[in-house]
Each structure stands twice: as structure tokens, then as C-alpha cells.
Amino acid sequence: MKKRLYPLILLAVLAGFPLVVEDNYYQHLMILFLMWVVIGSAWNMIAGYTGQVSFGDAAFFGSGAYAAGLLAHHLHVSAWWGMAIGGLAALAVGFPFGWICFRLRGAYFALATLALNEVLRHGTTIAESFTRGMLGIMIMPTFVSKVPYYYIALGMAVVSVLSVRLLIRSKPGYYFVSIREDQDAAESLGIDTHFYKMLSLAFAAFWTGMAGSLYMNYMGFIDPHVVFSLHDISIMAILVGIVGGVGTVYGPTVGAFIMVAVQEMFRSGFFGLFKFLAETTGSESVRALADVLTKGHVLGFGLLVVLVILVLPNGIVGDWDKIKKKVFRIHSPA
Amino acid sequence: MRIVRKGLIGIFVLVMASFLCGAASAAEPIKVGVVLPLTGSMAKFGEIERRSFEMALEEINAKGGVKGRKIELVFEDDTGKPDVGRSAVEKLISRDKVPVVTGGYSSAVVAAAAPVAHQLKVPFVICTGAADDVTEKGYEYVFRINPTASEYPEATKSFLKGVAKVKTAVILYENTQFGQSSSKAFEEDCKELGIQVLMKEGYSAGAIDFKPLLTNVKAKNPDLIYMVSYVLDASLLIRQAKELDINPKLFVGGAAGFTLPEFQMSAGPAAEYVFSATLWTPNLRDKDYPGAKKYFDNFRARYKSDTEYHGAEAYASMYVVADALKRTKSFTPKDVRDALAATNMKTAFGPVKFISYGKKTQQNKLPTYLVQWQDGKLETVWPKDVATKKALYPTPKWSARK
């Protein structure tokens, strides 16, 4: 019973967060975290549960963001309308793509997703007259306060995680896992693998697109390199999934929190800790270390991921029992 | 496993400590926030700007700071990405509680960060990000010192009108916000001058081979090749133009990479005769650009490398901010904003005054210049009254060079 309470406690903490912490900066980080929960959960569905690894999440993210942005730019309506069509726009991209490319398996499918993203990125860059190309789309964010964005992001994160939970405990969910484990065996049992792969992709595309339109509304600025970024969106989605735990319901939530926190920690030199140490001790070597750490934040980030993959191949949630045993010496009464 | 456990506790303590020390605010100096790309693909320029900010800061503090207090700069790395830049500005405003933010190198970062400053009502003095529409949105708290991207080719335009009367042009640009907006502006200038644009094509910044693109250019045989590129692309373009023996009457760079010393080092003799638009040179008249030469010499003496217009922008930004802090009634963001709006001073980067014209608000307007690489040196060649050397035009054919 206790286990079922954890998500509820977490939800209560998250719901109360902006009321307690009024600092814009932390609220901003939390919004990013919630957005990554949505994207990570979506990626987890297609890659973690269905076993179709996608390197092209940015394609859906960007489609959602551009749907909202273009709507606001051309029709001068609020970009919030984009939230309604952002997910659908991503679906519209994902559907024909899946239809054609699900004939490919494994690494070949992953490569196709990579190509999809590149096509969209170049397309939006070149179609200047329609998308403004690299000038990007800039809108004025609706709210000054971050609290509305926070709750919208929280709502999306909760619904997306719940929908993952519901879906994987239903029949299609079991079909997804069977496709991941052995597509041929699943097929021979009479599962329409093409259809169920499409369904899983549709789910992933929809939620990633929703996150994209939230990004447009929240950030107020997008350009093709930002939203169709292989490194900042697609790879980050994969990392969120891997660090948290592939094929677990709450894995992406944990992964998103860790990745956003770690990224910010490295970028800001551990929230100014080393700079502070250097100033108080006046030591040149600490100062030099702080300098190296801040400058090498991308490297540090990469090393951390390597470490997680080596030590916890199933991610933090996936290997939770292992962590409990080895680090906290708690033995599950199994 | 005990070590792991201890390690975990240690990390926890470190993280908590870092939260705490972030909360303890410094008492005496006035903090000024600076966002710059200190890592990532734009780090080169971020570094020049950071050093220039620090140089200006030391000079100001050595003269007693402002109102008897010293200024302290809080640098934040935006890594050249809009979302990171946005969180950096948010952090500066809400955690470091700075009354004014400056810096801002990449156009995309500036475009994402400007609305934050506007909404949180803390002035943001942009030193470099040149995208036109940032100052076209009527943001009350956003000021910009450098001219907008569409104004960079002004001097080039008058040079083409007065001296190099060419008929055809090819425009190549990197697919970035800066590249796209400056190439578009130049295309419009060409239309106005009656120059036929035979080809206008973007490429991905950081390309490794321009030969397919340049082969097309060669087939078009234009009088003028206009390029908007950063330093590596710029030198590769010129070197490959030499290899393919492309002979326009002039090569013109649209600022950015073509004015850097690294361009000349990497392109070698191929850099000769190449023109570039620029916003600043160290040889400008002291009347309007007081301290330009001194800044250039000091920078070189101190860091053993050259600086260029980006650095000058940063250097001047520090002075503009300090000037506003001297005049402000109090150190609240509102008062600092009002002081900034009343800025009217001369800096090493030229006269600074935030005015409204066209759609733009709180935008500084500056003349631009045309420079040319001659004997390995960057010489100002246009407008005539500030020229250090006469423009060498037309460019000799590659085969006719030594």
C-alpha cells in the first residue's frame, strides 16, 4: 500500500511548490522539469515500452512548437490555441512517417527518425517566407508570473504520466511490450504489430508535440535550431529516459528531475558554490577548479551519463532495488 | 559500499551548502549581471567580450566606482542557447537581484531574454545581439548599443554607390538569425542600387566543404560576392574560392568573422583584398570614439591577442551601464532604467544615445564602416574621411597575385 502513496505525496509537493517557493528562478527550473517529464514519458512509450528507439523526438517537439508559433504569427490569435493543435500537428507528422518507416526495424528505424528531424529542421529554415526561417518566431508571453505556466505544465505532466500508466496496463500496453521483446513472435500470435507500433508512436508524437507548444507559449521564442535540435531535444529526451529508467512508469519523472538539475548545476558551477569557496578561502587552485568545472560543464554532463549507464544500466527507477540494497543497505522483504 | 554512502551524503551536503551560499547576498558592491556565451560554439566571442567587460570594470572601479561603491560583475553563461540564456537572465534578476543586466551576444538568446527583462521590469542593455525585431516590440526595459543587423551593410552600400559600381552579386550566408537578417537587408540594398542578385543561398554554419556551393557561384560569375559568415566558415570560403579560381571584382564580408585576426591567420594570403563591413575599428576619430585606440592597445598588451568590434561593444556597454548607475536616483531597476533612457555619452564604441526611429525604440544608431585586408592588416577604407588606406579595387585575379 505504501508504494502507491509515493506518487500522491510527490503530486502534493509539486502542487504546493510555487506557493512555497516564490523565486522565479526555481519556478523556471521546475517548469523545465515538468516539460521534460512529458517528453520523457512520451519517449519512454515508443522506445521504452515498444522498443522502437527514436532519435527524432525533436521532430514532434518542433512540429508542436511551430504549430503554435505559426498560428500566432500568421493568424494573430493567441498561441494558446496552439496547445489545442500542437499535439495534433505532431500527430500529423508522425502518422505518415510511422506508416512508411515502421517497415524498418531497430537501428534502421532510429536512423529514419534522425532523418525526419533533419528534414523538418532544414525545411523550416529554408521556407523563410512562411516560417521566418532562422529569424525565428517571437511572441509576447501571456503571463508575467510563472505560476500559470507551472500549473499548466504540471497538469500536462500528470496527465501524460497517468496516460502512460493506463495504457501499459491495458491490452495495447501488453502488445507494446510483446513487440519490444520479440516482434516476430508477437506477429505470429496475431498481433497487428504495424498498427500497434503506430499507436505507440501516435501517443509519443502527441505528447511531445504538446510539450512543444507549451515551450512556444512559455519561452516566447523559437527558431529551427532550437526546437529541432538533435542535441538539446532528441538526445536529452533519450537521456531523461535512460537515467530515469527505460520502460518504467515513473522513470522519466525521476530522469527529468535529475537531468534538469544536473544541467543547471554544471552550468552555474554548482550554484556558485565553487566561486564562493574560492572567495572565502582565497585559494587559487579552488578558483582554477571552479573555472574548469564551469567551462567543462558539457563534459561533466556526459561523464555523468556514462557513469549512470555503467553502474545503473536500467536507470534509477529500474535499478531502485539494487540502489536500496547496495547504498542504503535496505533489503526488500522479497 | 560505505564509501558510496558517504559520498552520497557528501554530495547532498555540497548541494545544500551551495543553495545556502547562493542565498547569502553580498553587502557592498553594486552587482551588474552579464549574460555571455562562455562555452559552446560562440565562446570565442564570449571570451573577447568578457575580457573587455572586465577591463572596463577595473578602470571604472580604479576611479572610485559609482557613488563611492564598487561595481561587481556577475557573469552567467548562456551557452549560446535561447532557453539557457533565458534562465540565466532570470537567475540574475531573481536570485542575484541585479538592478541591470547587460551582455547578450547571440541574436536568438537576446530575443528570448529580452521579454524576460521587460516583464520582470529590470533593464537589459544589449551589447551585441543584432536581430532587428528585439527593439521593435516596444520593450520598455530593453536597450541596445549596437546597430541592428539590417544596418550593418550601410557603409558597404555607400561604397558600392560611390566607388565599386558593380552589376551583379551573389549572397552567401550562414543559416542563423544574424545571417538571415543581414543577407536579407543586403538583398534589399542591392535592389535599391540596381544590382542584380544572381543567387542568394544559406548554408549550415560550421560546414566542412563549400565547394558544391562555390561551384554554383563560379558558374554565375558575379561581380560581387557578399558573405555573412563566422570565422571558420569565412576563411574556408575564401580559401576554397581561391582553389576554384573564382574571380569577382570584390569579396565583401558582412561583419562577424571577416574582421577577426583569426580570419587572416587561417586564410593566409587568400585574405588579401577581402572587404568587410564593420561597426568599429581602433582608428576612429577620438572626437566621437574617445579611447578607442587606447582600449585596443590595452587589450592587446594585457591579453596578447587582438580585439575587434564585439569587444568594443562590451567595453562600451560597461561604461554606459556605469554612467547610468552614476546618474540614477536610486539603485532600483526602475530608476536605473530611467537613467539609461537619458543616456547621452561618447564611448570607445561611439556616441551612445537610445532613440526611437521607424519601428524601433531605445535603439542606439551608429555609422558603419568598410574595412579591407591589406598586407595582412585590417585597414579602414570607407567612408573616405576616416579611411586609413585607399581601397584596392577591383580585386586582382587569383592568377595575377604574387
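The sequence lines fix the lettering, A, B, ..., with proteins before strands; numbering per chain opens at 1.
In this structure, the separation between NE2 on A:H225 and CG on B:N175 is 6.0 Å, given to the nearest 0.5 Å. Atom OG in B:S94 sits 8.5 Å away from atom NZ in A:K146 (nearest 0.5 Å). Interatomic distance, B:E90 CD to A:Q27 CD, rounded to the nearest 0.5 Å: 9.5 Å. B:S87 contributes atom OG, which lies 8.5 Å from atom CD of A:Q263 (distance to the nearest 0.5 angstrom). Rounded to the nearest 0.5 angstrom, B:I93 CD1 and A:N24 CG are separated by 8.5 Å.
Smallest separation of non-hydrogen atoms from A:L135 and B:Q180: N-OE1, 3.5 Å. Of all the heavy atoms in A:M138 and B:K137, the pair that sits closest is O-NZ, 3.4 Å. Nearest approach of B:D133 to A:R132, heavy atoms of both residues: OD2-NH2, 2.8 Å. Closest non-hydrogen pair, B:R86 versus A:M219, comes out as NH1-O, 2.9 Å. A:D23 and B:R95 make their closest contact through OD2-CG, 3.3 Å (heavy atoms, listed as atom of the first residue, atom of the second, distance).
Around the CZ atom of A:F257, the shell of radius 6.0 Å holds no more than 12 heavy atoms that belong to other residues, nucleotides or ligands. At most 12 heavy atoms of other shown residues, nucleotides or ligands fall within 6.0 angstrom of atom NZ in B:K359. No more than 12 heavy-atom neighbours from other residues, nucleotides or ligands sit within 6.0 angstrom of CD1 on B:I208.
Using a 4.5 Å cut-off on side-chain heavy atoms (C-beta onward), A:M134 and B:S107 make no contact.
Contacts between B:A149 and chain A at a heavy-atom distance below 4.5 Å are absent for every atom of the residue. If you measure heavy-atom distances from B:F178 to chain A, you find no contacts under 4.5 Å at all. Contacts of B:A108 with chain A are made by both backbone and side-chain atoms, with heavy-atom separations under 4.5 Å. The contact between A:F143 and chain B is made entirely by backbone atoms, counting heavy-atom distances below 4.5 Å.
Counting heavy-atom pairs under 4.5 Å between each of A:D223, A:L32, A:D232, A:T125 and chain B puts A:D232 at the top.
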